[in-house]
Q: 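I have a structure I would like to understand better, so I am pasting it below and will then ask my questions one at a time.
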Amino acid sequence: MTSNKYVLQSIRHQGFVSLIFFFLVFIVSVSVFGTALFTENIELGVRQSGNRVGADIMVVPTDYGESAKEVLFKGNSCTVLLKDNITDGLKKLDGISNASPQLYLQTLPMKCCASAKMQIIAIDPATDFTVSEWMGNDIVRKLGRDEIIAGSAGGVGVGEKVRLFGRELRVVGVMDETGMGYDQSVFLSYQTADLITARKEYADIFGERTDLASTVLVNIRGDAEKERVRREISDIYASEGISAYTVSDIVDGLSKQAGYFKSFGEILNAIVAVIGAVALFSLVTITFHQRRNRVGSLLSVGISKGRIAGIFFREYIYLMLSATAAGIIFVCIFLLPLHNIIKQQLDMPYKFIDIYNAAGLALLTAGVNLVILLAAVSMTFFKLIRLEPAMLAEEQI
């Protein structure tokens, strides 16, 4: 009988013990890989949002600062309006190189879309520098009347048509996943937005006005001090109920939240790893004592202790690898379908890492399991090497 065949036969023969071993490693794998994947997705979303949001400062109504930030970074639907569109006034301030308005129009759930709600955002194609970070200037600059760009969670494709606020709009572009609120948004031009806000049936929301704004995103010149510009904007427009926030401060706050998630995940994984190691050590020790006679028999027919240890270790390796793979597959099957739901409920930027980083986390999980296994079997194998064949073969009471 070959070693592999003997190992597989032993695993089947000890079905219940093998199942317990498999389950323990499976739980550790789900915890380590799942937590690491979850926190890495959050960190990637926050990092990418900070790098590609495009703006230095957000100018929003004082009472709706959190709502505006949630649209940009979290995708929460709302309607926010500045008293006046102050974009032209901001462009005249010292230190500001560009300013571009956005208008947030809350919409009812869209039947065509996978997401529960899609936030409608009007942009000025001529001055936009945030959406174009993801789509490129060509598509954004050419965004015309009754045309929209859809976020990745919209469930619509280029060329399809959707009906919003009584207008039929054609999709001319779909953004890649950003991890930001843009994934739950659709973008239209101010030319189209003005046709909506000027209508009588929406007078209670928009007052039959045009050229409205919810926020103005500002870029400063390279030599200007960001905090000074922010304070100046807040001071000038305080009487109009307008405040300014630096995007970097918002991203830093999100980064701290992501750090809390990661720290909690590491603590959880450490606890699970210790519990798993103790449980596996106990299981391996008990199993070894139950199999002492078999070990003694193998020794008595001339099989070396090293080879016997290798056979036993191979059993545990097979179980460990299969349980690790099962845990990783389980996490992927669970997280992938819930991706958009998690993103909406989490209220933070969230984006799946690429396949290479995910493979790295899988290898990390296997490495953690291997360390736990080595810790669990080391004492037992040490005893195996030291004991005499006669002592191993004798009956245990």
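What you see is a predicted model; the values in this text were computed from it and never measured. Computed over heavy atoms, backbone and side chain alike; hydrogens, waters and symmetry mates excluded.
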Q: Within the side chain of Tyr350, is there an N or O that forms a donor-acceptor pair under 3.5 Å with the backbone of Leu44?
A: no

Q: Could you point out which residue of Lys142, Lys161, Arg167, Arg170 forms a salt bridge (Lys or Arg N to Asp or Glu O under 4.0 Å) with Glu147?
A: Arg170

Q: Ile372 pairs by side chain to side chain contact (heavy atoms under 4.5 Å, CB included) with which of Val278, Leu24, Val32, Val28?
A: Val28

Q: Salt bridge check, Asp94 against Arg228: does any charged N sit closer than 4.0 Å to a carboxylate O?
A: yes

Q: How close do Arg221 and Ser97 get, heavy atom to heavy atom, and via which atoms?
A: CG-CB, 3.9 Å

Q: Just by modelled atom types, is the Gly241 backbone N or O under 3.5 Å from a matching donor or acceptor in the Thr62 side chain?
A: yes

Q: Specify the closest pair of heavy atoms between Ser29 and Ala323, including all atoms of both residues, with the distance to one decimal.
A: OG-O, 4.0 Å

Q: If we count only N and O atoms by modelled type, under 3.5 Å, do the side chains of Asp128 and Ser100 hold a donor and an acceptor together?
A: no

Q: For a quick test of reading the model, state the closest non-hydrogen atom pair linking Arg209 to Thr197 and the distance between them.
A: O-OG1, 2.6 Å

Q: Passes salt bridge (Lys or Arg N to Asp or Glu O under 4.0 Å), Lys262 versus Glu43? Steps please.
A: CA-CA 9 Å; Lys262 188 168 186 176; Glu43 286 191 328; 3.6 Å; yes

Q: Would a line drawn from the ring center of Phe26 to the ring center of Phe330 be shorter than 6.0 Å?
A: yes

Q: Considering non-hydrogen atoms only, spot the tightest contact between Val158 and Gly173 and give its length.
A: CG2-CA, 3.9 Å

